[in-house]
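Naming: A, B, ... by sequence-line order, numbering from 1 per chain.
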2 protein chains.
Amino acid sequence: MRNAEFDREKVLRAAMKAFMHKGYAKTSMQDLKKATGLHPGSIYCAFENKRGLLLAALEQYRLDRKTEFEQFFANSTLVLVNLKSYLDNVVAECISCDSAQACLLTKALSEIADQDSEIQRVISDNLSMLQQALAEKFEQAKVEKSISADKDCHHLARYFLMGIYGLRTFAYTHPEAKVLEQLAEQLYHDVSQ
Amino acid sequence: MRNAEFDREKVLRAAMKAFMHKGYAKTSMQDLKKATGLHPGSIYCAFENKRGLLLAALEQYRLDRKTEFEQFFANSTLVLVNLKSYLDNVVAECISCDSAQACLLTKALSEIADQDSEIQRVISDNLSMLQQALAEKFEQAKVEKSISADKDCHHLARYFLMGIYGLRTFAYTHPEAKVLEQLAEQLYHDVSQ
DNA sequence: CTCTATCTTGAATGTGCATTCAAGATATCG
DNA sequence: CGATATCTTGAATGCACATTCAAGATAGAG
């Protein structure tokens, strides 16, 4: 007889931001209330508890990143060129560092995966999907003759993803554009050569 | 008129392990008491507070890793060969994953650096020293004619370190020996070619 | 316009935590 | 062996937090 008033996606994106900024443990319900505009009771009603909110935020993150990823390849340019754009975007995120720009997945992974196997699985699946998507792009690059036919696309995808993880961690200590761009350049070179 | 009874290094290594395992926030004084064998009062007397214990543990970690690093190069083999051994050791650590084997530095970095600029600085300095040490090894490899003279050794060191960060994060989701070894192999190839 | 099912609100609850501190223990010195 | 400075102990303190819940508000049905 009455509908919820809040916009679920907006709430989840606000929660994401809060979790990325302070980490899961240090983000209090107070913080989440401020970030989402939802009172504790509403959060508990909609998401069961703080952990439930994180799980929902992780799922929204996955959807948002999937959309973002696909947009980078939604044109007729060579797939490798788009891949480089995608990588440049990661670097740009690292530089703009509110430090809230860290990847929610890796942040959550290092903080809580050890303690909570369900969250561990959700995050791992999430990252595996990205890896799979990358592998498909490399396959396409093979079809386009951008990379040689004897390459192992799954290996390339893993290496590329490893590079992105490393880039993000590196940016914590050296958020200088020039250095990060140089690293990204070499990473791109090493997967496309 | 009376000396402290505990072994400072042992206590710090126990604290390290605890912090690596659960993260800083989730490691309670209770946990630290269990891990170190020290009662709260003694911890506060020796290290001021929980944060002081982390800082002390970070310093001990730096010393331990420095020693470990130097041992890998304490022979007359070609420096690049030793570098590969060092990398293989990182992989081995990742595989043996108690999941307490994550690097204390990157774990602490992602958890608390944003919130505490002193700890941020300590960790950054710590990682910069490793980067510097790696750069010197690449310089030596140049002297040994293992790599070409026109390489930028600092860039190689940064790229190598980035790879190690990435490898460690990757291992959270894929702790399979074969995959990690393959990634390490390519990383080594890309910095030594 | 009324009634009711549902949503919103935020104060109250209980728990777990970092930190303190005073009493007890003990090594060292004279 | 006694005196004392220092260390050890762990219960007590107070605070911050996640979670609950009952009272208040409001949309929609009739």
query = When you measure from every atom of DNA chain C, which of residues 26-34 of chain B have a heavy atom less than 4.0 Å away?
reply = B/Thr27, B/Ser28, B/Met29
request  = Check the distance between C/dT19's P and B/Ile43's CD1 and give it to me in whole angstrom.
outcome  = 10 Å
message = Just the rounded figure in Å: distance from P of D/dT19 to CG of A/Leu38.
response = 15 Å
ask   = Residues two or more places apart in sequence or in another chain: which of them pass side-chain contact (heavy atoms from CB on, under 4.5 Å) with B/Lys22?
value = A/Gln115, B/Lys26, B/Thr27, B/Asp31
inquiry  = If I take atom CG in residue B/Leu54 and atom P in nucleotide C/dT19, what distance separates them, rounded to the nearest angstrom?
reply    = 12 Å
Nucleotide D/dC17, atom P - distance to OH of A/Tyr24 in whole Å = 14 Å
message = Holding to side-chain contact (heavy atoms from CB on, under 4.5 Å), I want the full list of residues that pass it with A/Thr67, two or more places apart in sequence or in another chain.
response = A/Gln71
Residues forming a salt bridge (charged side-chain N to carboxylate O under 4.0 Å, His left out) with A/Glu185, sequence neighbours excluded = A/Lys84
task = Would you sort out whether A/Asp190 and A/Gln186 count as a side-chain hydrogen bond (donor to acceptor under 3.5 Å, both in side chains), showing the intermediate values?
result = CA-CA 6 Å; A/Asp190 289 342; A/Gln186 166 133 26; 3.2 Å; yes
task = Whole angstrom is fine here: how far is it from CD in A/Glu48 over to P in D/dT19?
result = 9 Å
message = Strictly below 4.0 Å: does B/His39 bring a side-chain N or O up to OP1 or OP2 of D/dT8?
response = no
request  = Using the test side-chain contact (heavy atoms from CB on, under 4.5 Å), find all partners of A/Phe73 that sit at least two apart in sequence or belong to another chain.
outcome  = A/Phe69, A/Val79, A/Asn82, A/Leu83, A/Lys137
request  = Keeping to residues at least two apart or across chains, list the side-chain hydrogen bond (donor to acceptor under 3.5 Å, both in side chains) pairs with something in residues 123-135 of chain A.
outcome  = A/Arg121-A/Asp125, A/Gln132-A/Glu136
query = Taking only N and O in the side chain of B/Tyr44, is any of them less than 4.0 Å away from OP1 or OP2 of C/dT20?
reply = no
query = From D/dT8, C/dT8, C/dG10, pick the nucleotide closest to the side chain of A/Ser42?
reply = C/dT8
